[in-house]
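Below is one structure, written out as structure tokens, with a few remarks after it.
Not measured: the values here are computed from a predicted model. The sequence lines fix the lettering, A, B, ..., with proteins before strands; numbering per chain opens at 1.
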Amino acid sequence: MPDVSTQDKDIEHVIRVENLVTHFGDREILHNVNINVRKGEVMVIMGGSGSGKTTLLRHMLGLHQASSGSIYMLGQDITQLSKKQMYEMRRNMGVAFQGGALFSSMTVAENIQLPLYEHTSLDDMTIKIMTRMKLEVVNLAGFEDLMPSELSGGMIKRVALARSIIMDPRLLFFDEPSAGLDPVVSAELDELILRLRDAMGMTIVIVTHELDSAFRIADRITVLDQGQILITGSVEDVKNCDNERVQNLLNRKPKDEDIDPEAYLQRLTREG
Amino acid sequence: MEIKKRNEAGHSIISLIGEVDLHYSPRAREEILNTLKDKQNVLIDLSDVSYIDSSGIASLVEGYQLSKKAGQSFGLLNISNAAMQVLKLARLDSVFPIYSNIDEIQN
């Protein structure tokens, strides 16, 4: 698992994934994955469909049980935490899922405020001002009373982002923030992510297959393919990597898989 | 977070020191609102703020709005770089009266 980043023994790692292996049924999805994420950096996890990148993200969020390995968040191995401890840990974590995951029966404001009512005892006025501030930050001022069904795809993503940062978390996770957005909105979102890193000192992990976006915002990139890490390094490291699978991803070249005729025939004709 | 208060140039100056986060911002809010209730002009000294989150900024916003309604003076003094970054992120750097030192108010 090559990490070509410069030596970083003295750098504080707020996320450490060590020897992570996971299965869905009998199938191994992640093979001995190791990643360190430094405090205050934007780490982009890239890979094609089925590479395991979303599965890795869900492990970092404590949503999947690992077969083996450790995942340290802010110094604690979350694979060993109790439900109550994980609940506390999540106060430090903001997440924006790919589809937004907004509650359709709640207004924009109610969706955004939910973590504050869940995790804090702040007064209503403070919560109201915080909500409106976050809507300003994501360029949705005045949309607080709308329902999710009244929003466009880009607006839903921005509401999800506002909700993910309402607690000003130390760790922020995004699943495909730019997917389905037009280039202008996508660039705005990238800019916002960088402002959050700089202003709030957030550590941000982004899963994406959008190359332009990844190169714009990443401090470092990890490339995953078939559940394995091909490289972790700077944008330049990744661009200059001579691994064929990395270059295929960067050049959007489809995989040329050698077909085993006998195995292929077996797959097509097996019983059941 | 630590809070210190002093009176200078006709203002009650509230210094917020350290990290103003979800845990401590209710204390900062209470101090600001109580000082405004006492009909004093208020300056918030942010020179020693190492971190301020949205809940802390929300307390400043609420204080400023209340001061305007009551006709009292309210401003931010000596804003640390960390606090200024957050104010800029929320586009509030052009909303508050901001002073780099106490002489600016007197002038």
Side-chain angles (χ1 to χ4, degrees), chain A residues 39-40 74 88 90-94 109 112-113 115-142 144 158 161-172 188-189 191-204, chain B residues 1 3 14 16 18-37 44 46 48-70 74 76 79-96 98:
Chain A
K39 186 178 180 187
L74 304 170
E88 289 300 313
R90 288 210 170 97
R91 289 171 62 110
N92 299 301
M93 299 161 72
I112 295 171
Q113 292 164 353
L116 290 175
Y117 283 114
E118 179 88 357
H119 287 283
T120 77
S121 53
L122 292 171
D123 63 282
D124 287 347
M125 179 51 89
T126 300
I127 288 177
K128 189 182 282 188
I129 294 171
M130 288 173 73
T131 304
R132 289 174 179 166
M133 272 169 48
K134 298 304 182 190
L135 282 169
E136 291 278 348
V137 168
V138 300
N139 285 326
L140 284 177
E144 62 203 73
R158 281 184 282 159
L161 172 57
R163 184 175 62 187
S164 71
I165 59 174
I166 191 69
M167 303 256 295
D168 297 312
R170 294 167 68 185
L171 308 174
L172 186 56
E188 282 175 5
L189 203 57
E191 188 58 36
L192 176 58
I193 288 167
L194 294 178
R195 283 196 288 136
L196 287 170
R197 177 199 60 187
D198 294 340
M200 307 300 294
M202 287 179 189
T203 303
I204 303 175
Chain B
M1 184 196 71
I3 298 176
I14 301 171
L16 305 181
E19 297 196 353
V20 188
D21 58 13
L22 284 169
H23 184 66
Y24 291 110
S25 65
R27 267 186 58 208
R29 175 178 183 264
E30 189 182 3
E31 190 68 49
I32 292 168
L33 298 189
N34 283 343
T35 308
L36 285 167
K37 268 185 202 158
I44 312 295
L46 298 174
D48 290 320
V49 167
S50 55
Y51 173 85
I52 185 164
D53 70 6
S54 313
S55 64
I57 299 289
S59 301
L60 302 179
V61 170
E62 187 178 2
Y64 183 38
Q65 178 63 11
L66 286 175
S67 76
K68 286 186 116 180
K69 277 186 188 163
F74 187 99
L76 307 182
I79 303 175
S80 68
N81 189 42
M84 182 54 93
Q85 294 239 43
V86 182
L87 284 169
K88 283 185 175 171
L89 179 69
R91 302 180 204 171
L92 287 166
D93 52 317
S94 59
V95 172
F96 287 103
I98 292 174

Segment of A/L116 engaging chain B (4.5 angstrom heavy-atom cut-off): side chain
Heavy-atom pair of closest approach, residues A/L122 and B/S55: CD1-CB, 4.1 Å
A/R170 CZ: over 12 foreign heavy atoms closer than 6.0 Å: no
Heavy-atom neighbours of B/Y64 OH exceed 12 at 6.0 Å: yes
Reported NZ-to-CG distance for the pair B/K88 and A/D198, which is rounded to 0.5 angstrom: 11.5 Å
Best-contacting candidate, B/S59, B/A58, B/A90, against chain A by heavy atom pairs under 4.5 angstrom: B/A58
Contact origin within B/I52 toward chain A - heavy atom pairs under 4.5 Å: backbone
Contact class of A/K134 relative to chain B, heavy atoms under 4.5 angstrom: side chain
From B/L22 atom CG to A/M130 atom CE, the distance as rounded to the nearest 0.5 Å: 5.5 Å
When B/L89, B/L87, B/D21 are compared by non-hydrogen pairs under 4.5 Å with chain A, the top option: B/L89
Rounded distance [0.5 Å steps], CD1 in A/I129 versus CD in B/Q65: 8.5 Å
Toward chain B, the part of A/T120 with a non-hydrogen atom under 4.5 Å: side chain
B/I57, B/V86, B/D53 screened by side-chain contact (heavy atoms from CB on, under 4.5 Å) with A/D168, the one that passes: B/D53
Structural part of A/M133 lying under 4.5 Å from a heavy atom of chain B: side chain
Closest non-hydrogen atom pair between B/R91 and A/V137, with its separation: NH2-O, 4.1 Å
